[in-house]
Amino acid sequence: MPSASAPNFCPPTEEGVTISLEDENGVATTFEFLGSIIHDDREFGFFFPVLDEDEFTGEVVILDILAYDDDDQPSEFELLEDEDLADDVYEEFREAAGDLYDFQDE
């Protein structure tokens, strides 16, 4: 099981955890959960869109976690569109999860 390398980082409990989300047009996309970061009392989840089984785009999608279910699992998400905030939380994520993933510089 992965361990957190920063107090504000929550890694996935196991590899391959996915969720399926629908956009406003009803198009579903499957995402693999990479972990989450707590930043300024907000939690942000980091995901890879999964195109096909074991096929990834290499893109990391940052979702603002808005609500939790009765088991304290994230249940409502919103795409993080604030680019400055996205840059900040992504850098925190890269630092905290650097031992888990191989990040490529853009």
Side-chain angles (χ1 to χ4, degrees):
M1 178 184 322
S3 62
S5 60
N8 66 334
F9 174 60
C10 178
T13 55
E14 61 186 71
E15 286 186 40
V17 174
T18 61
I19 62 169
S20 183
L21 299 174
E22 287 187 16
D23 66 14
E24 61 276 357
N25 298 319
V27 176
T29 302
T30 299
F31 296 91
E32 181 172 347
F33 177 63
L34 303 174
S36 66
I37 290 285
I38 297 172
H39 178 87
D40 290 338
D41 295 326
R42 291 169 62 187
E43 186 171 6
F44 299 93
F46 297 81
F47 301 84
F48 270 128
V50 179
L51 300 177
D52 198 356
E53 191 171 318
D54 298 327
E55 184 180 348
F56 302 98
T57 65
E59 170 188 19
V60 173
V61 174
I62 305 171
L63 300 177
D64 192 352
I65 300 172
L66 303 176
Y68 300 85
D69 64 17
D70 292 337
D71 296 323
D72 289 326
Q73 296 300 309
S75 61
E76 189 176 325
F77 305 88
E78 182 174 84
L79 182 63
L80 179 58
E81 295 185 14
D82 180 325
E83 290 184 28
D84 291 332
L85 180 55
D87 289 343
D88 289 347
V89 297
Y90 182 68
E91 189 56 38
E92 285 183 50
F93 175 72
R94 282 180 55 141
E95 289 175 19
D99 293 340
L100 298 175
Y101 306 109
D102 181 24
F103 295 99
Q104 303 294 318
D105 292 327
E106 296 177 25

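By the ring-ring contact (aromatic ring centres under 6.0 Å, His included) test, Phe33 pairs with Phe47, sequence neighbours left out. The ring-ring contact (aromatic ring centres under 6.0 Å, His included) check on Phe46 picks up Phe93, with sequence neighbours excluded.
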Side-chain donor-acceptor contacts of residues 76-89 below 3.5 Å, not counting sequence neighbours, with atom names and distances?
from	atom 1	to	atom 2	distance (Å)
Asp82	OD1	Asp84	N	3.1
Asp82	OD1	Leu85	N	3.0

Only pairs under 3.5 Å count here: list side-chain donor-acceptor contacts from residues 19-31, not counting sequence neighbours, and write none if there are none.
from	atom 1	to	atom 2	distance (Å)
Asp23	OD1	Asn25	N	2.8
Asp23	OD1	Gly26	N	3.1
Asp23	OD1	Val27	N	2.9

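Judged as a ring pair (Phe, Tyr, Trp, His ring centres under 6.0 Å), not a single pair has a partner in residues 10-30 (not counting sequence neighbours). Pairs of residues two or more places apart, or lying in two chains, that qualify as salt bridge (Lys or Arg N to Asp or Glu O under 4.0 Å) and include a residue from residues 39-48 are Arg42-Asp64.
For Asp71 against Asp69, the heavy-atom pair with the smallest separation is N-OD1, 2.9 Å. The shortest heavy-atom contact between Ile65 and Pro74 is CG2-CB, 3.6 Å. A pairwise comparison of heavy atoms in Glu32 and Val50 identifies N-CG2, 3.8 Å as the closest pair.
By the rule that hydrophobic residues join a cluster once side-chain heavy atoms approach within less than 4.5 Å of another member, Tyr90 and Val61 end up as members of separate clusters. Hydrophobic clustering, with ILVMFWY side chains joined whenever heavy atoms are under 4.5 angstrom apart, groups Val17 together with Tyr68. No path of Ile, Leu, Val, Met, Phe, Trp and Tyr side chains, each step under 4.5 Å between heavy atoms, connects Ile38 with Leu34, placing them in separate hydrophobic clusters.
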